[in-house]
Amino acid sequence: MALESLETTSNAGWSRMIRRELLDPNASMWDLLAVYLHFLRTKHKLSCAKVGEVAGAARQTVSHWESGRLKPSEDQVEALDQRYGTGGLLGFILHHAKTGHDPDWFRAHLEFEARASALRIYELGVMPGLLQIEEYARALFVAAGSKDVDGQVAKRMERQRLLTKEDPPLLWILLAEPVLDWEVGGADVLRKQLARLLQITERPNVVLRVVPKSAGAHLGLSGAFKIMKVAGANLAYTEAMGGGRLVQGASEVGVFEEWYDRIGAKALPECSSRSLITRKLEINS
């Protein structure tokens, strides 16, 4: 093996070890699952490759389960419960991890977002974080009472680098019309934000459509969410007051995909959406 390959392998192993050390099973059910999967594998003296054979996963995927980077499916956990003779305990942990609140979900969702090849975003309250200008983001963090406004704004702007990388993700965006009207940061900031939005719609990897107020009652009034395609699999993240929730099960993610399609059926075409944004920009100028 070439020296460069050895160094890459060593660095990857070191990175996984460091990540495992950061897991906190007292604070997160997902971290508990990751820690316990590692404990069971080492207790039974099995390699990642062998566990992968049992669960129907690649060796690298098993390693990512134990570092918390990826999550196993219900079927995979069931197979491991049988192999380890844990009486369904792994399945119970997975259930509570998926249905309970995890304070780490937002951070985890950002990691998936950065690796996504496609993003489907629906927003009904404010501009999606990936599209916000600095002044708009700052106004939101100030209103939220953030203790480190400058730091939070810097992180949000850093997040947006994925839009300009060499191979940016496909962005499918649905915005409820009121998002275009909220004077977050004042009228001048809103004008700049709408102008930025129009610039973004010109990119070949972006499809932005507006759900008009005339659509009336629709599924999107229940809340904002995002669907991310990562390594061929879809995940969803839904936002709520006090925190959000990361959804990874295929059946539950499928519900969000259906919601996105049904909300999209109420949206204006791309050209009409751009025209609406342009009119609002002119009105506010």
Side-chain angles (χ1 to χ4, degrees), residues 98 101 105-133 136-137 140 144 156 159-160 162-163 168-182 184 190 193-194 196-230 233-277 280:
K98 291 170 65 176
H101 174 69
W105 266 331
F106 184 73
R107 179 184 61 79
H109 125 265
L110 292 183
E111 292 183 6
F112 285 123
E113 178 187 82
R115 296 162 48 205
S117 59
L119 296 167
R120 283 176 281 177
I121 301 170
Y122 169 68
E123 182 58 70
L124 82 160
V126 297
M127 292 289 171
L130 287 175
L131 310 183
Q132 293 172 9
I133 61 172
Y136 191 101
L140 289 175
R156 182 148 297 179
R159 239 176 99 191
Q160 296 179 5
L162 71 87
L163 300 179
L170 295 174
L171 288 183
W172 303 81
I173 303 165
L174 293 174
L175 295 182
E177 185 179 349
V179 173
L180 308 177
D181 298 325
W182 286 109
V184 175
L190 177 60
Q193 180 63 71
L194 293 177
R196 167 67 170 162
L197 202 59
L198 285 174
Q199 292 176 350
I200 290 174
T201 64
E202 296 174 357
R203 298 182 179 182
N205 62 311
V206 176
V207 175
L208 187 149
R209 298 164 62 211
V210 177
V211 182
K213 289 181 284 189
S214 60
H218 59 86
L219 280 171
L221 297 179
S222 298
F225 61 91
K226 176 188 304 180
I227 301 170
M228 303 168 282
K229 186 174 185 179
V230 182
N234 287 331
L235 310 92
Y237 180 75
T238 178
E239 298 179 348
M241 290 292 288
R245 188 164 74 92
L246 189 63
V247 179
Q248 301 192 60
S251 59
E252 194 173 359
V253 172
V255 173
F256 283 90
E257 292 176 314
E258 179 184 343
W259 288 350
Y260 192 89
D261 290 342
R262 292 178 64 181
I263 296 169
K266 301 284 187 179
L268 299 172
E270 284 184 84
C271 57
S272 299
S273 296
R274 282 194 295 269
S275 296
L276 177 60
I277 296 170
K280 289 183 180 291

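Just so you know, these numbers use all the heavy atoms, side chains as well, and skip hydrogens, waters and symmetry mates.
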If the plane angle is over 60° it's perpendicular, under 30° parallel, otherwise tilted; pick one for Phe225 and Tyr122.
-> tilted
Correct closest heavy-atom pair for Pro212 and Glu177 would be CA-OE1, 3.4 Å
To the nearest 0.5 Å, tell me how far Leu124 CG sits from Ile263 CD1.
-> 8.5 Å
For Leu119 and Lys226, work out which heavy atoms get closest and say how close.
-> CD2-CD, 4.3 Å
Answer yes or no: is there a donor N or O on one side and an acceptor on the other, between the side chain of Tyr260 and the main chain of Ile227, under 3.5 Å?
-> no
Nearest 0.5 Å please: distance from the CG atom of Leu131 over to the CZ atom of Arg196.
-> 7.5 Å
Has the side chain of Gln132 got a donor or acceptor atom that lies under 3.5 Å from a matching backbone atom of Met127?
-> yes
Only one of Val210, Leu208, Leu130 forms a side chain to side chain contact (heavy atoms under 4.5 Å, CB included) with Ile173, so which one is it?
-> Leu208
Enter the distance from Tyr237:OH to Leu110:CG here, rounded to the nearest 0.5 Å.
-> 7.5 Å
Any idea which heavy atoms bring Pro169 and Ala116 closest together, and the distance?
-> CB-O, 3.4 Å
Which distance, rounded to the nearest 0.5 Å, do you find between the CG of Leu171 and the CG of Leu163?
-> 6.0 Å
Check: Leu174 main-chain N/O paired with Arg209 side-chain donor or acceptor under 3.5 Å = no
Could you give the distance from CG (Leu175) to CD1 (Ile121), rounded to the nearest 0.5 Å?
-> 9.0 Å
Taking all non-hydrogen atoms of both residues, which atom of Lys280 and which atom of Asp181 are closest, and how far apart?
-> NZ-OD1, 2.8 Å
CH2 of Trp182 to CD of Gln193: how many Å apart, nearest 0.5 Å?
-> 15.5 Å
Do Phe112 and Leu246 have side chains that get closer than 4.5 Å, going by heavy atoms?
-> yes
Main-chain N/O of Ile133 paired to Gln160 side chain as donor or acceptor, under 3.5 Å = no
Write down the atom of Leu180, the atom of Ile277, and the distance for their closest heavy-atom approach.
-> CD1-CG1, 3.9 Å
Take atom CZ in Arg262; do more than 12 heavy atoms of anything else shown fall under 6.0 Å from it?
-> no
Between the main-chain N or O of Met228 and the side-chain N or O of Glu113, is there a donor-acceptor pair closer than 3.5 Å?
-> no
